[in-house]
Amino acid sequence: MIRGPSITARTMAFVAVVCLSLLAIDFWNSWEARTDQLQQMNVATSNLSRAMAQQADDTIKKADTVLVGMVERVEHDGTDPSDVARLRQLLALRVAELPQLDGLHIYDQDGNWIANSRPTRPENLNNADREYFAFHRTHAERGPHIGIPVQSRTSGRLLVPVSRRINHADGSFAGVALATIHVDFFSRFYDSLDIGQAGAVALVLENGTMMTRRPYSPDMVGRNMLETQLFRSYAAHGPVGTAYIKSAQDGVTRLNSFRRLDNYPLFVSAALSKDEILANWWRDTLWHSGGVVLLSLIVGFIGWRLVRQFQLQTRTEAELRQARDALETLNKTLNTLAMEDGLTGLANRRQFDVALDSEYSRAARNASTLALIMMDVDCFKQYNDIYGHAAGDECLQTIGRTIARVASRRPGDLAARYGGEELAVLLPNTDVAGAVMLAERIRSAVRELKIEHAGTADGFVTLSAGVDALSPQAGIGGQPKELIRSADKALYAAKSGGRNRVCASTGQPLAA
């Protein structure tokens, strides 16, 4: 009769299930709240990056539109003094209309100023060394070029250059039309965004150059961002993406949402600190999780008191079970010792006799064959006389391990110490040929041990083996003993034939 769990076990299980259920439900709710919070912030940063991208695109687009008109006017009207005077008035008017602009400039093919939006024209200044000027001089494209940030040589302010190429009538390089945008214009817009204390936003060229960032630092403008995790994430995710990134600037892990501008080779990044995103969630979680843990402790304490009462009642029963289990373990140990040879670790004679009778009966029922290998260590008495009994025991142990390794390949096979230096292997479902092959492998393996034996002609320990097999018939007694006698007879034939060989029951020895 199968007994159910004890009242103590059921009580403990019930209390544990209640406590774990409370904790699991609380954990699940907290995790769902965390997931929702991160998802909401994901949407928020995505919307923020979209707004930043639109603002940057519109800002540059307005400046670029002015440049298109400047290029068309210079290429059509030329740069005569009267044309330059009217052009300077137009440039000043455009700068006054667009607050993001620091200035508008036109340079000739050598980098000298032709016209600008300032009241006075700078003297003896040449911008041929600027990156944007070198770009247009070597590239025939007529589209806008966003250059790396520069410091104004007249005002010292950091500027974002937007430029277009001016051509002669024959298509050759004639100069550059330049609009410079205040870096501060972007910074003021970024300062108006609610991104928390540790949030960050940035505007970056697709070649990896930082244009501006919040938190702002002049040292950040123009820095190479190619090796930062932010730039690698942008390159991996494409024009739009979101990723958790540890900042290379301050080491803060943030939820970054980046987006490329629609019309220009820049991208923006809006990032909120992960710690700030989860700050409120952590506070709420600690409060309600603390309550759940306290409730679980109360339930657990009450359950513990009940279990203690049950344990007092069942202690005697548990002690009796332990004594019974110990006795069973001892019986199993004694049974193992009774069925195992203490020296070689193989089955002993008793286990061999039991197995022989059992396998004989099974072979009779199944009409299968049963084979037996009888083996004897050659000249073992002389070995003991020469090397001592301790060495003889060690020799038998080594041979026993070798026989166990080679012979016990199937669950029904049994290797045993039959007596003294005589060993046996019982092989169900095996004929004489199969048993002879296994006996030869055992003989060869023992010879390969190369155990020195001065009392043999070979100089090493060897063994001889006799093999027989039969197909038992139900109702006929004495056949197990007959199998032993026949195999032993074959063993005697192997001994008589010169030792270190296998002989089958037919009496025909197999040479080593």
Side-chain angles (χ1 to χ4, degrees), residues 337 339-353 356 371-409 413-427 430 432-469 483-512:
L337 293 175
M339 303 295 281
E340 183 179 284
D341 179 61
L343 178 63
T344 63
L346 301 175
N348 60 13
R349 175 62 179 275
R350 178 184 175 188
Q351 186 177 358
F352 173 80
D353 291 339
L356 179 61
L372 175 64
I373 304 173
M374 295 296 291
M375 295 170 287
D376 187 81
V377 181
D378 296 328
C379 303
F380 190 70
K381 182 179 182 302
Q382 290 90 329
Y383 187 90
N384 280 333
D385 293 340
I386 296 172
Y387 300 101
H389 289 281
D393 290 346
E394 184 176 349
C395 177
L396 284 178
Q397 289 174 341
T398 302
I399 293 174
R401 287 194 296 268
T402 302
I403 293 174
R405 172 174 55 83
V406 177
S408 300
R409 300 287 179 91
D413 297 345
L414 179 70
R417 184 183 183 189
Y418 192 75
E421 68 273 16
E422 196 168 6
L423 307 163
V425 178
L426 189 63
L427 301 169
T430 305
V432 171
V436 167
M437 291 176 62
L438 178 59
E440 177 57 28
R441 287 201 299 270
I442 295 173
R443 184 205 62 77
S444 178
V446 171
R447 174 60 182 77
E448 290 300 320
L449 293 175
K450 295 184 179 180
I451 302 173
E452 184 179 353
H453 188 354
T456 64
D458 189 55
F460 297 102
V461 171
T462 58
L463 58 75
S464 300
V467 179
D468 192 18
L483 179 62
I484 295 174
R485 282 194 294 269
S486 180
D488 201 49
K489 194 173 183 180
L491 171 61
Y492 178 78
K495 288 282 191 180
S496 301
R499 297 186 176 88
N500 189 26
R501 63 193 60 222
V502 176
C503 186
S505 59
T506 57
Q508 184 65 37
L510 301 174

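Counting from 1, the numbers follow the sequence of the chain as shown. Values reported hereafter were calculated over all heavy atoms of this structure, with side chains retained and with hydrogens, waters and symmetry mates removed.
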Note to self: Side chains of Asp378 and Ser464: any donor to acceptor distance under 3.5 Å?
What the structure shows: yes
Notebook entry, point to check: Just how far is it from atom OG1 of Thr462 to atom CD of Glu448, taken to the nearest 0.5 Å?
Noted result: 12.5 Å
Note to self: Is the shortest side-chain heavy-atom distance between Ile484 and Leu356 below 4.5 Å?
What the structure shows: yes
Checklist line | Considering all heavy atoms, the nearest Ala487-Asp468 contact | finding: N-CB, 3.9 Å
Check: Any side-chain heavy-atom pair from Tyr387 and Glu452 closer than 4.5 angstrom?
Finding: yes
Margin query: More than 12 heavy atoms of other residues, nucleotides or ligands under 6.0 Å from NZ of Lys495: yes or no?
Written below: yes
Next item on the list: Output, in order, the C-alpha distance, side-chain angles, deciding distance and verdict of side chain to side chain contact (heavy atoms under 4.5 Å, CB included) for Val467 and Val502.
Entry: CA-CA 7 Å; Val467 179; Val502 176; 3.9 Å; yes
Notebook entry, point to check: Looking at Gly392 and Phe380, what are the two nearest heavy atoms and their distance?
Noted result: O-CZ, 3.4 Å
Notebook entry, point to check: Distance-only, no hydrogens or angles: does the Thr456 side chain make a donor-acceptor pair with backbone N or O of Phe460 under 3.5 Å?
Noted result: yes
Item checked: Rounded distance (nearest 0.5 Å) linking atom SG of Cys503 with atom NZ of Lys489 -> 11.0 Å
Check: Side chains of Val461 and Leu449: closer than 4.5 Å at any heavy-atom pair?
Finding: no
Check: So do the side chains of Asn348 and Glu340 get within less than 4.5 Å of each other, counting heavy atoms only?
Finding: no
Next item on the list: Work out which heavy atom in Thr430 is nearest to a heavy atom in Ala469; give both atom names and the distance.
Entry: O-CB, 4.0 Å
Next item on the list: Evaluate the side-chain proximity of Leu372 to Phe352: yes if any heavy-atom separation is below 4.5 Å, no if none is.
Entry: yes
Notebook entry, point to check: Any side-chain donor paired with an acceptor under 3.5 Å for Asn500 and Arg443?
Noted result: yes
Margin query: Return the CG to CD1 distance between Leu346 and Ile403, rounded to the nearest 0.5 Å.
Written below: 6.5 Å
Next item on the list: Any chance you could measure Ile373, atom CD1, to Leu491, atom CG, to the nearest 0.5 Å?
Entry: 11.5 Å
Check: Between Leu396 and Val377, what is the shortest heavy-atom contact and its length?
Finding: CD2-CG2, 4.1 Å
Next item on the list: For Thr344 and Gly400, work out which heavy atoms get closest and say how close.
Entry: CB-CA, 4.4 Å
Check: So how far is it from Gln397 CD to Thr402 OG1, rounded to the nearest 0.5 Å?
Finding: 11.5 Å
Notebook entry, point to check: Could you state the interatomic distance from CG (Asp488) to CE (Met375), rounded to the nearest 0.5 Å?
Noted result: 12.0 Å
Next item on the list: Tell me whether the centres of the aromatic rings in His453 and Tyr383 are closer together than 6.0 Å.
Entry: yes
Checklist line | Residue pair Val432 / Ala504: nearest heavy atoms and the distance that separates them | finding: CG1-CB, 4.0 Å
Checklist line | Donor-acceptor contact below 3.5 Å, side chain Arg417 vs main chain Gly420 | finding: yes
Margin query: Any carboxylate oxygen within less than 4.0 angstrom of a Lys/Arg side-chain nitrogen, looking at Asp458 and Arg447?
Written below: yes
Note to self: Do Asp413 and Leu426 make a side-chain contact, defined as non-hydrogen atoms from C-beta onward lying under 4.5 Å apart?
What the structure shows: no
